[in-house]
2 protein chains.
Amino acid sequence: MLPRWIEAFPAALPLRIGAKAPNISEQSIAWVRVTDEPVAKTLEAVRRILGGDVACVVLADQPDDEQAMASFAAAAKGYCNTHAAPELLRRIADVVTQGGLWIGESLMHRLMRATIHLPPSAAPAVVAATAWDVGLTEREREVALAVAAGASNKEIARSLDITERTIKAHVGATLEKLGVRDRLQLSLVVNGHRSR
Amino acid sequence: MLPRWIEAFPAALPLRIGAKAPNISEQSIAWVRVTDEPVAKTLEAVRRILGGDVACVVLADQPDDEQAMASFAAAAKGYCNTHAAPELLRRIADVVTQGGLWIGESLMHRLMRATIHLPPSAAPAVVAATAWDVGLTEREREVALAVAAGASNKEIARSLDITERTIKAHVGATLEKLGVRDRLQLSLVVNGHRSR
DNA sequence: CGGGGAACTGTACCGAAGTACATGTAGGCG
DNA sequence: CGCCTACATGTACTTCGGTACAGTTCCCCG
């Protein structure tokens with residue numbers, strides 16, 4: 001286990017090919033580090049242990065497009081560098097648990113090169129969908145979403161065509177109900193980060 | 001404006017082809033609803049109004065792969081169903097503002113079909129990482145992380161054992177460098193969501 | 001009918017956040 | 001040695017966010 005993996009996922013369990021199945025939750029992600037062994041073979045071994053439908057993300061020491069292709073051919077949900085930063089790993093986990101695929105920039109380029117222009121950068125993001133909005137009224141939920149998206153009270157007021165004062169009322173009620181201090185923490189809750 | 005759009009983006013402004021340019025921020029997203037008109041033509045019209053480099057996401061009433069291809073050929077940043085759920089719209093916005101592309105599941109299949117096998121599951125697919133902290137000094141990065149975690153200036157000051165005034169200086173510099181308005185939007189950038 | 005919750009609004013206040021204008025120190029570099 | 005940058009800090013000011021204390025309308029439900 002690399003230190004950055006532990007940093008990214010303190011609760012992760014190490015697992016070797018040939019080991020017996022640990023009891024893990026339904027939607028766990030298998031992070032599969034591959035080296036020179038064919039990806040398909042490794043993934044097959046992992047699936048024998050953890051079940052055929054476990055979501056696998058392939059970690060490559062020296063990523064290349066061919067191996068990435070092979071990974072997705074073997075139904076991997078993601079492919080990235082073994083030494084990716086913890087934040088990136090977490091983001092990949094987000095995407096994958098949401099049912100998305102994580103494709104490296106390089107492969108993406110390759111896939112699309114023929115048809116479309118791709119900007120030099122790129123990055124995804126995702127949210128966790130635990131019920132953050134229990135107990136909120138419809139309007140409060142609506143306002144909370146806007147706050148979490150970075151809107152100011154004034155902007156929300158304009159878009160909903162009510163006064164800023166009313167927005168404040170909704171925001172205040174929401175902060176109270178969710179037990180957070182200010183709109184930033186509200187956004188963290190709504191966006192599925194930390195606490196509450 | 002569909003109710004779900006408003007729910008997803010309360011601060012969004014409606015705009016018709018032929019209208020004059022509203023004053024919008026640099027990194028706004030244009031959500032372009034297309035019907036039977038050719039996509040390229042519509043996008044061109046939008047760009048005439050909002051500027052050539054505005055990020056466009058195409059909303060299709062009846063999505064199909066051909067139209068999706070056409071959209072990306074016309075340099076759209078995303079393509080999805082007009083009636084997508086607010087959460088999905090927000091996720092797309094996240095990805096696009098981060099410089100990513102949003103590709104529908106169907107098109108993704110098609111793109112990969114030639115080369116690799118894709119499992120029957122799969123949601124929209126996405127791309128890889130941009131550093132949020134380019135150009136920040138060590139101290140600024142440190143403060144930005146604390147802000148993004150929901151800390152107040154006073155709390156950060158205490159924990160770093162410097163004055164609140166200095167925290168304000170770092171926060172201010174960071175907002176400037178990342179081109180965002182306030183600490184909430186900063187947190188969205190740091191946490192890998194929309195804005196910027 | 002009356003009670004109660006939701007949505008909406010008002011005035012007013014306070015503290016947090018953010019900005020403008022300045023100052024000072026320490027370290028790297030031509 | 002000056003120059004630049006990061007870091008730290010001060011005063012002062014404006015704006016925004018959040019709260020306290022009201023009050024209204026509408027609608028549902030017992």
Side-chain angles (χ1 to χ4, degrees), chain A residues 131-191 193 195-196, chain B residues 1 3-4 6-7 10-11 23 25-27 86 131-191 194-196:
Chain A
W132 55 271
D133 57 353
V134 282
L136 297 191
T137 68
E138 198 46 45
R139 210 50 159 165
E140 286 162 0
R141 195 186 334 276
E142 195 172 4
V143 171
L145 282 172
V147 168
S152 69
N153 288 339
K154 196 172 303 201
E155 285 169 344
I156 304 171
R158 258 204 309 275
S159 80
L160 297 185
D161 198 34
I162 53 182
T163 66
E164 191 178 343
R165 175 64 188 84
T166 307
I167 302 301
K168 286 186 176 186
H170 292 314
V171 171
T174 305
L175 295 180
E176 169 78 20
K177 286 179 180 176
L178 297 187
V180 292
R181 184 177 57 193
D182 53 40
R183 64 203 294 112
L184 200 160
Q185 297 194 341
L186 169 60
S187 100
L188 294 177
V189 171
V190 172
N191 289 322
H193 293 271
S195 88
R196 171 59 213 300
Chain B
M1 294 278 284
R4 34 199 356 169
I6 297 172
E7 186 181 339
N23 61 335
S25 72
E26 190 57 38
Q27 67 284 28
W132 57 272
D133 59 353
V134 279
L136 297 190
T137 68
E138 199 45 47
R139 211 48 160 168
E140 286 163 359
R141 197 186 332 275
E142 194 172 4
V143 171
L145 283 171
V147 168
S152 69
N153 288 340
K154 195 172 304 202
E155 287 168 344
I156 304 172
R158 259 203 306 275
S159 82
L160 296 186
D161 197 35
I162 52 182
T163 65
E164 190 178 342
R165 176 63 188 83
T166 306
I167 302 301
K168 285 188 176 184
H170 291 313
V171 172
T174 305
L175 295 180
E176 169 78 20
K177 286 180 180 176
L178 297 187
V180 293
R181 185 176 55 194
D182 53 40
R183 62 201 297 112
L184 200 160
Q185 296 193 341
L186 169 60
S187 99
L188 294 176
V189 170
V190 172
N191 290 320
R194 80 199 299 66
S195 272
R196 163 84 198 290

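Note that the coordinates shown come from a computational prediction; the quantities given were computed from them, not determined experimentally. Below, chain A is the first sequence line, B the second, and so on; all start at residue 1.
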- Once you round it to whole Å, what is the distance between P of C/dA6 and CG of A/Leu136? 11 Å
- Could you state the atom-to-atom distance from CD of B/Glu140 to P of D/dA8 in whole Å? 10 Å
- Query: If you measure from CG on A/Asp161 to OG1 on A/Thr166, what distance do you get to the nearest 0.5 Å?
  - Reply: 11.0 Å
- From the candidates C/dA17, D/dA8, C/dA7, the one with an atom nearest any side-chain atom of B/Asn153 is C/dA17
- Message: Could you check whether any side-chain N or O of A/Asn153 sits under 3.5 Å from a backbone N or O of A/Ile156, counting only pairs where one atom can act as donor and the other as acceptor?
- Response: no
- Message: For the CG atom of A/Leu136 and the CG atom of A/Leu178, what is their distance to the nearest 0.5 Å?
- Response: 5.0 Å
- Message: How would you summarise protein contacts on nucleotides 20-29 of chain D per nucleotide, using B for base, S for sugar-phosphate only and - for none, with heavy-atom distances below 4.0 Å?
- Response: BB--------
- May I ask you to test the B/Thr174-B/Val143 pair for a side-chain heavy-atom distance under 4.5 Å? no
- Message: How many whole angstroms separate atom CZ of A/Arg139 from atom P of C/dG5?
- Response: 20 Å
- Would you indicate whether the side-chain heavy atoms of A/His170 and A/Val147 approach each other to under 4.5 Å? no
- Message: Between P on C/dG18 and NZ on B/Lys154, what's the gap in Å once rounded to a whole number?
- Response: 14 Å
- What is the distance from CD1 of B/Ile167 to P of D/dC7, rounded to the nearest Å? 12 Å
- Task: Using whole Å, report how far CG of A/Leu175 lies from P of D/dG18.
- Result: 6 Å
- Checking all strands, does A/Thr166 fall into the base, sugar-phosphate, or nothing category for heavy-atom contacts under 4.0 angstrom? base
- Message: Could you tell me how far apart B/Arg181 (CZ) and D/dC16 (P) are, to the nearest whole angstrom?
- Response: 9 Å
- Item | Minimum-distance nucleotide (side-chain atoms of A/Thr163 versus C/dG18, C/dT9, D/dG18) | C/dT9
- Message: If I take atom CZ from residue B/Arg139 and atom CG from residue B/Leu160, how far apart are they, to the nearest 0.5 angstrom?
- Response: 5.0 Å
- 5' priority, DNA chain D, between A/Leu184 and B/Glu138 [closest heavy atom]: B/Glu138
- Item | B/Glu164 CD to D/dA8 P, straight-line distance once rounded to whole Å | 15 Å
